[in-house]
Protein chains: 2
Amino acid sequence: MGKRETDSKGAESPVRFSVDRSSPVPLYFQLSQQLETAIETGKLAPGSLLGNEIELAGRLGLSRPTVRQAIQSLVDKGLLVRRRGIGTQVVHSQVKRPLELSSLYDDLEAAGQKPATRVLLNTTTEATAEIAAALGIAEGAEVALVERLRFTHGEPVAHLRNHLPAGLIDLSTERLEETGLYRLMRAAGITLHSARQAVGARAATVEEGERLGEPEGAPLLTMQRTTFDDTGRAVEFGSHVYRASRYAFEFQLLVRP
Amino acid sequence: MGKRETDSKGAESPVRFSVDRSSPVPLYFQLSQQLETAIETGKLAPGSLLGNEIELAGRLGLSRPTVRQAIQSLVDKGLLVRRRGIGTQVVHSQVKRPLELSSLYDDLEAAGQKPATRVLLNTTTEATAEIAAALGIAEGAEVALVERLRFTHGEPVAHLRNHLPAGLIDLSTERLEETGLYRLMRAAGITLHSARQAVGARAATVEEGERLGEPEGAPLLTMQRTTFDDTGRAVEFGSHVYRASRYAFEFQLLVRP
DNA sequence: CCGACGTGATTGTCCGGACAATGTGACCTC
DNA sequence: GAGGTCACATTGTCCGGACAATCACGTCGG
């Protein structure tokens, strides 16, 4: 298919933006949200120019740095591309989410599935050497241990095993069956910052097969993840197993030059 | 007057930074690189404060916006955390790479392995419906097709199959055996922008097992990836298979609030 | 003794301007 | 007509300043 599209550059600012100076929401954020909405709804066509920053600033009654800040945030999101001497263009690829640190629960819910959780285990134990190393605590220290089965449409999808430092949050089995672990942590005031992940595959053991409804030797997706909050403290270590026949990781990622 | 004696912040600047105004390298970038180096080498200890922006600007002979720009770039990388009223802290978790869009070749090379490539196929073919949809071209259109085996230490690690729009770059078999595909594309002036990936697992077929030295039914990691350049054009569709016993995806990701 | 309050420190937001670097397109020369 | 040259448009970088928002901590009052 031809890449060339009708370069109708005549369409000058079909979209009207405005900011509310009495709002506590930062001006650049108001603008970036309006821009993002216009892009997502197609009001700003892919490939179209955005109009130069100075004129845009003048039209909105903002300064150029403020407009630049708004634009930059969308460039960081991958929605816009700046070209010196040309202007700022709307990227016309299907950018969705640049791989958020989301729980499986959120993933499934976003995919329109209705996730359910069965808590198999909710207790405390002593950290093994592996767990202690991942969480940065002493071997033998007390840690919370949660094992869950995650279902969609009544079918098991994954077996989730999580270790958390003792006393970090209150893990009620009821709430664990209602929502995802990350939501509970965020609700407890923990600000997640980064995670280190490893994704691999292996054959199912007999026990794993029984739990997940797969035969022995069936391929399973594995993920191990250590999550850190913004102080650098490890707040969670997860060791998860997914049915490869039912689940795959899908994500979008951006290039940061 | 009741001057404050608790001047604890004064002892917080053991590192000296400097900028070269005659260099064509932007000042904020010079500073951010020096900061990054200081963090990586441990000269700036994890958890330590950075000294407030105004003082830092004055010490370097820069303006505060410039210093802020340098700091912000490292905050975006996950190396620093800003706290209003407190200061800017060095994160003390082991941040490595926030999941770049890298080729397997670069991954292996960075891991200290010595990757080798054998080109199995380097030709053109007609796009199937799946390929056409992934690349956004017409079904039956001509596409380049490359199949490679990737080795480390003489052992096969992955089987890579790539489809590219016809005529995008010149795919010489020799260069494909020397380096990775992404490097060739970048060298051809293509600026990679984003990619959509799916990672899953499945059991090896007989043929796959023979190619990779695994028995039939062995678990394999699979990845499908469509890569886009900054105009939104799809430049590559890859369908890859990795030996799960020899390879796993490892990466770090950041939370973008 | 303990909580409310204020104060200082620091980052967050915003402004207006200046010049540099870069890519496009028209113009000019050969 | 082909190719190089130059003006123009646009983003990139940088400055100096101003005020607001937020957090830690010491002080004061109950």
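Lettering of chains follows the sequences in order, A, B, ..., and the numbering in each one begins at 1. Basis for what follows: all heavy atoms, side chains included, without hydrogens, waters or symmetry-related copies.
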Out of D/dC14, C/dT11, C/dA18, whichever nucleotide has its closest atom nearest the side chain of A/R64: C/dA18
Is the closest side-chain donor-acceptor distance between B/Q72 and B/Y28 under 3.5 Å? no
Interatomic distance where CD belongs to B/Q72 and C1' belongs to C/dG12 [whole Å]: 10 Å
Indicate whether OP1 or OP2 belonging to C/dC15 is found under 4.0 Å from a side-chain N or O atom of A/T66. yes
Mark yes or no for a side-chain to base donor-acceptor pair under 3.5 Å between B/R83 and C/dG12, with no hydrogen or angle criteria applied. no
Protein-nucleotide distance (B/F29, atom CZ; D/dC14, atom C1'), rounded to Å: 17 Å
Which pairs, protein N/O on one side and nucleotides 23-28 of chain C N/O on the other, fall under 3.5 Å?
unit_1 : atom_1 : unit_2 : atom_2 : d
C/dG23 : O4'    : A/R84  : O      : 3.3

Identify the heavy atoms of A/F17 and A/L44 that sit nearest to each other, and give their distance. CZ-CD1, 4.3 Å
Roughly how far apart are A/L164 CG and A/T227 OG1, rounded to 0.5 Å? 9.0 Å
Is it true that a side-chain atom of A/E250 and a backbone atom of B/A198 form a donor plus acceptor pair closer than 3.5 Å? no
Output for pair (B/L49 CG, B/R83 CZ), nearest 0.5 Å, gives 10.0 Å
Measure from CG on A/L56 to P on D/dA9 and round the result to the nearest Å. 18 Å
In whole angstroms, how far is the C1' atom of C/dT10 from the CD1 atom of B/I71? 11 Å
Would you mind classifying the nucleic acid contact of B/P26 as base, sugar-phosphate or nothing, using non-hydrogen atoms under 4.0 angstrom? sugar-phosphate
Does any N or O in the side chain of A/S48 come within less than 3.5 Å of the main-chain N or O of A/A45, such that one atom is a donor and the other an acceptor? yes
With the side chain of B/R21 defined as its heavy atoms from C-beta on, choose the nearest nucleotide among D/dC15, D/dG12, D/dT13. D/dC15
Would you kindly give the CG-to-C1' distance between B/L31 and D/dC14, to the nearest whole Å? 13 Å
Shortest non-hydrogen separation from A/Q30 to A/V25 and the atoms involved: NE2-O, 3.0 Å
Backbone N or O of A/L74 within a donor-acceptor pair of the A/E36 side chain at under 3.5 Å? no
Atom CD1 of A/I54 and atom C1' of C/dA18: how far apart are they, to the nearest Å? 11 Å
For a quick test of reading the model: is some side-chain N or O of B/T88 closer than 4.0 Å to OP1 or OP2 of C/dT11? yes
DNA chain C: A/L27 or B/P24, which has the more 5' nearest nucleotide? A/L27
What integer distance in Å separates A/Q69:CD from D/dT13:P? 15 Å
Closest-nucleotide mapping onto DNA chain D: is A/P65 or A/G87 further toward the 5' terminus? I mean the 5' end. A/G87
Would you mind checking if A/R148 and A/E177 are paired as a salt bridge, meaning a charged N to carboxylate O distance below 4.0 Å? no
Take the C1' atoms of the five end pairs on each side of the helix from C/dC1-D/dG30 to C/dC30-D/dG1, get both axes, and report the angle to 10 degrees. 10°
What is the distance from CG of A/D20 to P of C/dC14, rounded to the nearest Å? 12 Å
So if I take every side-chain heavy atom of B/R68 and compare against D/dG16, C/dG12, C/dT10, which nucleotide ends up nearest? C/dG12
Run the side-chain hydrogen bond (donor to acceptor under 3.5 Å, both in side chains) test against B/T124 and tell me which residues pass, sequence neighbours left out. B/E142
Has B/Y28 got a side-chain N or O lying under 4.0 Å from the OP1 or OP2 atom of D/dT13? yes
